[in-house]
Amino acid sequence: MSDDEPAVNISGGVEGGAAAEFDPSTADTRAEEVVDRLGELYWEKTYGGQDAFTCLVRTILSQNTSDKASQPAHDALVDRYGSPDVDLAESLAAAERSRLAETISSAGLYNQKSEVLIRTAEWILEEFGSAAAFDAFVKDEEPAEVRDTLLSVRGVGPKTADCVLLFAGGRGGVFPVDTHVHRIYRRMGIAPAAADHEDVRAVLEREVPAAKCGFGHTATIQFGREYCTARKPACLEDPDACPMADVCDQVGVYPATGEVVDPAEATEAADSEI
Ligand code: SF4
């Protein structure tokens, strides 16, 4: 585990789910085998059970930053605006924007994020009446409807919507795609090199069994931080340094020259040589 990693996997939450067993020898697809093998590297959990609005707040705070930076912002927000007697959506909708921005400053982009948080809290109150009613909607309605509804809020993108579905609703078959997931499965050759986030999500949700998608998401992020980093993947200097080397196509990674490019650029270069 790197020095940047929090002591607990806060993306998955500590009360979220039960341990699950994954066996690489029974995998039906290469994507499933990768997720099963990640299960040998990292702790295995299934997800769900978090409060949906708290989860939405946490995911907005984590946009474009690390868990390490967003966690103190989340804790400060809950300290200042959360209370057992008050609905968090109500207190955030009534928050003074500059004070909220100052509270969450450790998460970065705090002016923008404070606006999104207040707007989202107002939307929750208008549409559902309370954070508790929103929680019931996320947990009980069809995942596709929940996803579309969340995407209608300005500032909420596909990754945020999928994280709420996964961590709050505990919905199997949801594999949120962040920058690590997007990079790694294209490098491995499991998703097409030019695939966008939505294309990668479609591949993974098709090829990884529903119960393993949540674990696959968080474990791939950890793998991306520890092994398959954006600029210096572990295999660059030593092919044996990566535990996934035998299931990876290394698209855009050139150990002979030490060069690393985005997989989409690797295929462009190959096309231009034809
Ligand atoms: S072999 Fe290299 S490119 Fe493939 S997953 Fe491992 S570190 Fe990433």
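Both ligands and their constituent atoms are indexed starting at 1 by order of listing. The residues of the chain are indexed from 1 along the displayed sequence.
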Which atoms of ligand 1 sit under 4.0 Å from any heavy atom of [X]?
X: Pro233; answer: 7 (S)
X: Ala245; answer: 1 (S)
X: Ala234; answer: 7 (S)

Protein heavy-atom partner closest to [atom] - residue, atom, separation in Å:
atom: atom 3 (S) of ligand 1; answer: Cys248 SG, 3.7 Å
atom: atom 8 (Fe) of ligand 1; answer: Cys228 SG, 2.4 Å
atom: atom 6 (Fe) of ligand 1; answer: Cys242 SG, 2.3 Å

What I want to check is whether the side chains of Glu115 and Asn111 have a donor and an acceptor closer together than 3.5 Å.
no
Heteroatom N/O/S of Cys235 within less than 2.8 Å of atom 2 (Fe) of ligand 1:
yes
Pick from His217, Arg147, Arg171: which one makes a side chain to side chain donor-acceptor pair (under 3.5 Å) with Asp162?
Arg147
Lys/Arg N to Asp/Glu carboxylate O, Asp23 vs Arg37, below 4.0 Å:
no
Are Glu198 and Arg201 close enough for a salt bridge, meaning some N to O gap below 4.0 Å?
yes
Is the shortest heavy-atom distance from the side chain of Phe175 to the side chain of Glu207 under 4.5 Å?
no
Any side-chain heavy-atom pair from Leu109 and Gln63 closer than 4.5 angstrom?
no
